[in-house]
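To keep things clear, I will list the structure first and then write my remarks on it.
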Amino acid sequence: MHTPRSIIRPLLLLGVVALLVGCRAEDARFRMDMVYVRKQENATEIPFTRAQLLNLSNVLAAVFGTPDDPDILIDGDIGLHEIVDLTNLKMAAGPVGSDEMGFPHGLYREHCSHCHGVTGNGLGPTAAFLNPYPRDYRQGIYKFKSTPKGSRPTTEDLKTVLINGVQGTAMPSFALLADDEIDALVDYVKYLSVRGKIERDLIFEVADELEEKELLVDPEEPDDGLETVKMYLTAEVRKWASASNEATAVPAPPASSSDEDRLDSLARGRELFHGTLANCVKCHGETALGDGQTTDYDQWTIEIFTKEPQQPGIGEFVALGALKPRNILPRNLRHGVYRGGRRPIDLYWRVRNGIDGTPMPAATMKQPGQKGLTEADIWHLIDYVRSLPYEPLSNPHYGGHEAVVERQRL
Amino acid sequence: MIAQNRSTLTALAAGIIVLHSAGCDRRVTVDSAPVPTAVAKLRAQLEAGASGVVDGDDGGALVEPTGFATLRGRFTIQGTPPNNPQLKPNRDQQTCAPGGRPVFREELIVTPRESGGGIANVLLFADRVPAEWVHETAQPGNTDEVIFDQKQCIFLNRMTAIQYTQPLRIMNSDPVGHNTKVGTTGFDQTIPSGGSAVFQAQGSENRPQEVSCAIHPWMNAWLITRENGYFAVSDQDGMFEIPYLPAGVELTFRVWQEKSRNVQSVTVGGQSESWSKGKFTRTMVPDETVEMDVVIDAAIFE
Amino acid sequence: MGRFWSILFLMVPVIGVGLFVVPMADMWPMQNHWLPEDISEHGASIDDLYYFILYLTGVIFIATGLTLFWFLWRYDAAKNPDPVKFAHGNHTLEVIWSIVPAAVLLFIAIHQMTAWAEAKLRRPLENSGPDGIVGTADDVYMKPLVEVTGRQFEWRLRYPGADGELGTRDDIYLVNDLHVPVNEEVVMTIKSDDVLHSFFLPNVRVKQDVVPGMRQYVWFKAKKIGTYDIVCAELCGWGHYKMKGRLTVESREDFDRWIQQKYQAQETSQFTAGPGD
């Protein structure tokens, strides 16, 4: 005699068993930038075929390897092996663990991939919960560096970010890691960045230059395609290699021996901050609270999200994995939290070169016969900015007390 | 009765699963993992190095131009153009929207139908012309400075085309400061009121870069840098002309307009043509002046 | 079958004792599982309390465990066919085993008061103020050596710099890298930037939850030079496991030199591009 109940128990058991067995964890692999692919498809109104994407995937794997087994093309003309070291890559890549001799591997996966993603795309599992979002390496744009906009960061810049973290964000300090581990991670970030940029360039090449359905590297006639790949790779590697030559020198600040000098500097800085030469208040606000222009977006967001009032199509990009767009807000200078570092040279670089990927512009330096800022002007500005967190306006006291409860005894 | 319910439920569940996995969008949304055998083969080919021919067109006999010709014509619109979107200036309204006048993004500028319906600011350029074919008047290396100004929070040129060797002097004729950024070139500087800054491009581009302002984010314009002089931007009446193009060889041209981006479906001389990715090819006869009247339907600007 | 279960119950005191004896003797497989090395001055008083309670409860634990086993074994139903005899309780016994533990607890409560006071109540004084009496309102507390701010997922440190005042322009900002001089009473002020964390220095026996909106003080005196851990002991989010810092105890000269070096690095105002990376 069959009653309904006799079916439920075996079904329930089956469900429990299925849950316990679970799904097999996917092997780590590089993800193609489907958001960029879709963007190109929208621009040309010609969809990519599965064969084209697979071909791109194969080409990138041939040049760069996989997350468990990275590779670099040793080619004197390209020079990739001169900016990253394969031993470092092997230390950073792969699953977390250490070999028989005790040398670690999987450093990137252990420390970085949960925010920055296995592909270095800033889309790791925790990325959506962070504000600001983690960096996407694939455009080769980095905010806090010593080189001007449009240049790559130097190795020292990347190391500084790893060691100090980024204050005010979820990027932690890795100062407690061994030096060789930090070097390995820096090289791996460069590797992912080069790989990501080449991927974008190749996607653009397929979309913009090739015929519909044409493969980038035809298996029968590979030469043209491979030459194109090498061309893009050389160009990108060259940018990384020349970064250290492009670092902006920071001159010594003007001597200020007396208190009067310092007050003069602050007054001049304040004047520049509010003036039309530097235009600081336009974005940072009259009170420097960062409320001057809050409707702008950073470079990574702008790519998928135009400033059109109608904001078309963001849904399809989010469905492909892009993070929800957020406005980029100018820094509240009264907090004393400096993301790119609080040393005077860091602040100088921010003002002089702007912040790449954000609306913070570079300063126009004074040329003969033209308006602009002098180096002394920039130091006066920095003096003023550094003094802002200590002004009474920046430290509100409630009823004369600090805004915390002080607990003297437990 | 239970058997009936169960089979209905199963059928329903199966149906939902099938529909969900089939989906509606035809485009490929999932990328595929690389195939090891293909990867190994490509790797071997990469390491073997290139075998000579670089970026060849078709191989075989090399064609040489036999003279020079001129391409000129007009871009006109058929149908009623859509209205340009209105912008909301949220800063410096005294300068940018004096007297509260409305500000529009002029992404489609056409003359009225009576005057011919010409479309302004359409970019046309010759793509991938080998250096040895270029006429001396269009040779790369032009270093004449080009002025690019902004007034009342409007960039005075909506579409600018220059050789990448030409310096672009970005001026600011407003009483307020501007921050001018040129796309992804890395140029992003404050331009003091009454001041200027020079942008020097690094190379040739295939698509225009957007010029914008961080203080006034609603401002925009477009700039393309090319390696030779074979480009033209249509004027107020939609007219364009590129002289001294190499004749006797097949040339690829690209057409780009701010609102439609690549101009893809057009009518030329009564014949409808489809320009995939905005590209079309022409082979011209020496000393010929090719007249192209390109009619673009208003629908592609929606 | 019954006696088998009583053997099982015997395993409870046996394994329970084993789980303490094996790590205390640093035997495999539980090496390094016992208390972390104590390098602080008052850590001994806390550890002593810990051991006292451990041994006291241990003895009672073993006694009760063995007693339970004995009764299960001796009066197993299979081996005792006689009918059950019901005992009506023993009033004296019940009084004894209520009063004795209460007395013991009272003893512990009073005995530990000094240790608690030293660790949590008696914040170190700079001096006892103009009246010279400790414990009055005019006492001057010792200035903190460093301000520790717990933040998801790191420990942000702020040293007061040359002027000795926190919140001035010469403060030195660091992350996760805490240095203190050896053989000196060190006071730290702790707070949180976002959620509950717990500032835990295992090797100096300091642990205090940092509460958002509240400023608190911890103090200790480290007696041995070396590097030790800072750990977060209050679940604070997905990164709680990696919220680790490093405590370095060093000589006063080394400490001064280190802090001076950090200050100089923070004030770097000149940069010339080097020839290469």
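What you see below is based on every heavy atom in this structure, not just the backbone, and it leaves out hydrogens, waters and symmetry mates. Labels below follow one simple rule: chain letters A, B, ... track the order of the sequence lines, proteins then strands, and each chain is numbered from 1.
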Charged N to carboxylate O below 4.0 Å: is that the case for Arg254(B) and Asp208(A)? yes
List the atom of Pro359(A), the atom of Asn179(B), and the distance in Å for their closest heavy-atom pair. O-ND2, 4.2 Å
Do you know which of Arg29(A), Met32(A), Glu211(A) has the most heavy-atom pairs with chain B at a distance under 4.5 angstrom? Arg29(A)
Examine whether an atom of Thr358(A) lies under 4.5 Å from a heavy atom of chain B, and if so say whether it belongs to the side chain, the backbone or both; otherwise answer neither. backbone
Would you check if the side chain of Gln189(B) reaches a backbone N or O of Thr364(A) as a donor-acceptor pair within less than 3.5 Å? no
Against chain B, label Val35(A) side chain, backbone, both or neither, depending on which of its atoms sit under 4.5 Å from a heavy atom there. neither
Decide side chain to side chain donor-acceptor pair (under 3.5 Å) for Gln370(A) and Ser196(B); before the verdict, give the C-alpha distance in whole Å, the side-chain angles of both, and the deciding distance to 0.1 Å. CA-CA 7 Å; Gln370(A) 305 281 353; Ser196(B) 68; 3.2 Å; yes
Going by atom types only, do Gln299(A) and Thr184(B) share a side-chain donor-acceptor pair under 3.5 Å? no
Taking all heavy atoms of Ala43(A) and all of Asn262(B), pick out the closest pair and write down the distance. O-ND2, 3.6 Å
Proximity breakdown for Gln367(A) and chain B, heavy-atom pairs closer than 4.5 Å: neither
Please answer whether the main-chain N or O of Leu210(A) pairs with a side-chain N or O of Lys277(B) as donor and acceptor at a distance below 3.5 Å. yes
Portion of Phe204(A) that has a non-hydrogen atom of chain B nearer than 4.5 angstrom: side chain
For the side chain of Asp356(A) and the backbone of Gly186(B), is there at least one donor-acceptor N/O pair under 3.5 Å apart? no
Largest heavy-atom contact set with chain A, pairs under 4.5 Å, which of Gly195(B), Gly194(B), Ala197(B), Ser193(B): Ser193(B)
Checking heavy atoms, do the side chain of Val217(A), its backbone, both or neither come under 4.5 Å from chain B? side chain
Can you tell me if Arg91(B) uses its side chain to pair, donor with acceptor, with the backbone of Gly292(A) under 3.5 Å? yes
Can you tell me which portion of Ala319(A) sits under 4.5 Å from chain B's heavy atoms? Options are side chain, backbone, both or neither. neither
Which region of Ile46(A), side chain (C-beta onward) or backbone (N, CA, C, O), has a non-hydrogen atom less than 4.5 Å from a non-hydrogen atom of chain B, or is it both or neither? side chain
Taking the side chain from Thr276(A) and the backbone from Val176(B), do they hold a donor-acceptor pair closer than 3.5 Å? no
Taking side chain as everything from C-beta outward and backbone as N, CA, C, O, which of these in Gln264(B) sits under 4.5 Å from a heavy atom of chain A? Side chain, backbone, both or neither. side chain
Which pair of non-hydrogen atoms, one from Gln293(A) and one from Pro217(B), has the smallest distance, and what is that distance? NE2-CD, 3.3 Å
Given heavy-atom pairs under 4.5 angstrom as the criterion, report whether the side chain, backbone, both or neither of Thr185(B) touches chain A. backbone
What part of Asn220(B) gets within 4.5 angstrom of chain A, counting heavy atoms only: side chain, backbone, both, or neither? neither
Less than 4.5 Å apart, any side-chain heavy atom of Lys41(B) and any of Asn58(A)? no
Quick check on Asn90(B) against chain A: is it the side chain, the backbone, both or neither that has a heavy atom closer than 4.5 Å? side chain
Applying a strict 4.5 Å limit to non-hydrogen atoms, the region of Gln40(A) in contact with chain B is side chain
Closest non-hydrogen atom pair, Arg207(B) against Thr44(A): NH2-CG2, 4.3 Å
Under the criterion side-chain contact (heavy atoms from CB on, under 4.5 Å), I'd like the reasoning laid out for Arg43(B) against Leu73(A): C-alpha separation, chi angles, the key distance, then a yes or no. CA-CA 9 Å; Arg43(B) 179 76 186 188; Leu73(A) 214 51; 3.7 Å; yes
Would you say Tyr164(B) has more than 12 foreign heavy atoms packed within less than 6.0 Å of its OH? no
Non-hydrogen atoms of chain A under 4.5 Å away: do they reach the side chain of Pro175(B), the backbone, both or neither? backbone
Of the backbone (N, CA, C, O) and the side chain (C-beta and beyond), which part of Pro219(A) lies under 4.5 Å from a heavy atom of chain B, both, or neither? both
Roughly how far apart are Asn353(A) CG and Asp188(B) CG, rounded to 0.5 Å? 11.0 Å
Structural part of Val63(A) lying under 4.5 Å from a heavy atom of chain B: both
State, to 0.1 Å, how close Ile215(B) and Lys282(A) come at their nearest heavy-atom pair, and which atoms those are. CG2-CB, 3.5 Å
Kindly compute the distance separating CG (Asp75(A)) from CD (Glu47(B)), expressed to the nearest 0.5 Å. 9.5 Å
Nearest 0.5 Å, please: how far is OG in Ser212(B) from CD1 in Ile302(A)? 7.5 Å
So with a 6.0 Å cut-off around CD of Glu221(A), is the heavy-atom count from everything else above 12? no
Which heavy atom of Ala62(A) sits nearest a heavy atom of Leu42(B), and at what distance? CB-CB, 3.6 Å
Taking side chain as everything from C-beta outward and backbone as N, CA, C, O, which of these in Met231(A) sits under 4.5 Å from a heavy atom of chain B? Side chain, backbone, both or neither. neither
If only side-chain N and O atoms count, and only distance matters, is there a donor-acceptor pair under 3.5 Å linking Asn206(B) with Glu209(A)? yes
Please check if the number of heavy atoms outside Gln202(B) that lie under 6.0 Å from its CD is greater than 12. no
Heavy atoms, side chains only, cut-off 4.5 Å: are Lys230(A) and Leu46(B) in contact? yes
Ile191(B) and Lys371(A): CA distance, side-chain angles, deciding distance, side-chain contact (heavy atoms from CB on, under 4.5 Å) verdict: CA-CA 9 Å; Ile191(B) 320 279; Lys371(A) 289 194 189 184; over 6 Å; no
